[in-house]
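Starting from 1, each residue takes its place in the sequence as its number.
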Amino acid sequence: MNAEPWVTAIDVARHLGVVKDTVYRWRERKGLPAHKIGRLWKFKLSEVDEWVRAGGADEGASSEGGGGGDA
């Protein structure tokens, strides 16, 4: 059985081609899947990829409302 490794926000940022601050902002505001281990946030790339495919990184996908609407 191959266990998928836990990765850091820096690893996720490299994987997605964004900066680390974007990863933390998406975790906080858009529900990017993350798991707190002690004081650190860790990620599974398979969960991140699934979240992206489901539209989690889309501009209008904020869970706080706002966003650029098509009024």
Only residue of Trp51, Phe43, Trp41 satisfying ring pair (Phe, Tyr, Trp, His ring centres under 6.0 Å) with Trp26 is Trp51
For Val19 and Ala13, the nearest pair of non-hydrogen atoms, with its separation, is C-CB, 3.8 Å
Closest non-hydrogen atoms of Pro5 and Lys44, given as atom of the first, atom of the second and distance, are O-CD, 4.0 Å
| Would you say the side-chain atoms of Lys30 pair up with the backbone N or O of Asp58, donor to acceptor, closer than 3.5 Å? | yes
With the 4.5 Å side-chain cut-off for hydrophobic clustering, are Leu45 and Val18 part of the same group? yes
Val12 and Val7 have their tightest heavy-atom pair at CG2-CG2, 3.9 Å
Nearest heavy-atom contact between Glu47 and His35 is OE1-NE2, 2.9 Å
- Message: Between Asp49 and Ser46 (side chain of the first, backbone of the second, donor and acceptor by atom type, cut-off under 3.5 Å), is there such a pair?
- Response: no
Rounded to the nearest 0.5 angstrom, the CD-CG distance for Glu28 and Asp21 is 11.0 Å
